[in-house]
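In this chain, residues are counted from 1 in sequence order. Quick caveat, the model's predicted, so the values are computed rather than measured.
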Amino acid sequence: MNVEKHLKVTGTSEVSWKDAIVQTVSEAAKTIDYITSVTVLNQTAKVCGKKISEYLVELDLTFKIDRDRD
């Protein structure tokens, strides 16, 4: 039987929403094994003056539970 768990995470980038997603998944993968999918729940941005200064993403990461792990 496969069991999956969901984890909501947030991340930021000064470049773009795509970069925020990629960097957040990459950072999460350093401590979460077996990530199988990501769903973008929300995208927002901070504005400074007339320009976007920071892109923020809220993600739902799905990963498999390893029952054989010690």
Side-chain angles (χ1 to χ4, degrees):
M1 172 169 92
N2 285 331
V3 178
E4 293 184 326
K5 188 169 186 173
H6 293 260
L7 180 66
K8 187 190 294 187
V9 297
T10 56
T12 63
S13 169
E14 294 180 358
V15 178
S16 67
W17 280 296
K18 180 180 178 181
D19 185 61
I21 294 165
V22 170
Q23 294 301 323
T24 302
V25 171
S26 177
E27 192 66 25
K30 292 178 182 178
T31 58
I32 302 169
D33 295 330
Y34 312 114
I35 295 174
T36 59
S37 68
V38 59
T39 302
V40 179
L41 301 174
N42 197 16
Q43 295 177 310
T44 58
K46 291 185 180 179
V47 176
C48 185
K50 295 182 180 181
K51 290 187 158 189
I52 294 176
S53 60
E54 191 172 31
Y55 299 85
L56 298 92
V57 294
E58 185 177 329
L59 307 176
D60 174 23
L61 296 179
T62 304
F63 58 98
K64 290 183 179 180
I65 301 297
D66 183 1
R67 292 184 175 273
D68 297 326
R69 190 175 188 159
D70 291 332

Glu14 CD: over 12 foreign heavy atoms closer than 6.0 Å: no
What heavy-atom pair brings Leu61 and Ala28 nearest, and what distance separates the two atoms? CD1-CB, 3.5 Å
Less than 4.5 Å apart, any side-chain heavy atom of Thr24 and any of Thr10? no
Same apolar cluster: Val9 and Val40, side chain cutoff 4.5 Å: yes
Hey, mind stepping through Asp60 and Thr39 against side-chain hydrogen bond (donor to acceptor under 3.5 Å, both in side chains) and telling me if it holds? CA-CA 5 Å; Asp60 174 23; Thr39 302; 4.6 Å; no
Testing the basics here: between Ala45 and Leu56, what is the closest heavy-atom pair and its distance to 0.1 Å? CA-CD1, 3.9 Å
Find out if a path of hydrophobic residues (ILVMFWY) with successive side-chain heavy-atom gaps under 4.5 Å connects Ile32 to Val57. yes
Do Gln43 and Ile21 touch side chain to side chain, with heavy atoms closer than 4.5 Å? yes
Might you work through the side-chain contact (heavy atoms from CB on, under 4.5 Å) test for Leu41 and Lys8, ending with a clear yes or no? CA-CA 9 Å; Leu41 301 174; Lys8 187 190 294 187; 4.0 Å; yes
Is Val38 reachable from Val15 through a run of hydrophobic residues whose side-chain heavy atoms are each under 4.5 Å from the next? no
Val47 to Gly49 - nearest heavy-atom pair and separation: CG1-O, 3.5 Å
For the NZ atom of Lys18 and the OG atom of Ser13, what is their distance to the nearest 0.5 Å? 12.0 Å
Could you tell me whether a side-chain N or O of Trp17 sits under 3.5 Å from a main-chain N or O of Thr44, the two making a donor and an acceptor? yes
Determine yes or no for a side-chain-to-main-chain donor-acceptor pair under 3.5 angstrom, with Ser53 supplying the side chain and Lys46 the backbone. yes
Over all atoms of both residues, closest heavy-atom pair of Phe63 and Leu7: CE2-CB, 4.0 Å
Between the main-chain N or O of Thr36 and the side-chain N or O of Thr62, is there a donor-acceptor pair closer than 3.5 Å? no
One should read off an interatomic distance between Glu4 CD and Ile35 CD1, to the nearest 0.5 angstrom, of 12.0 Å
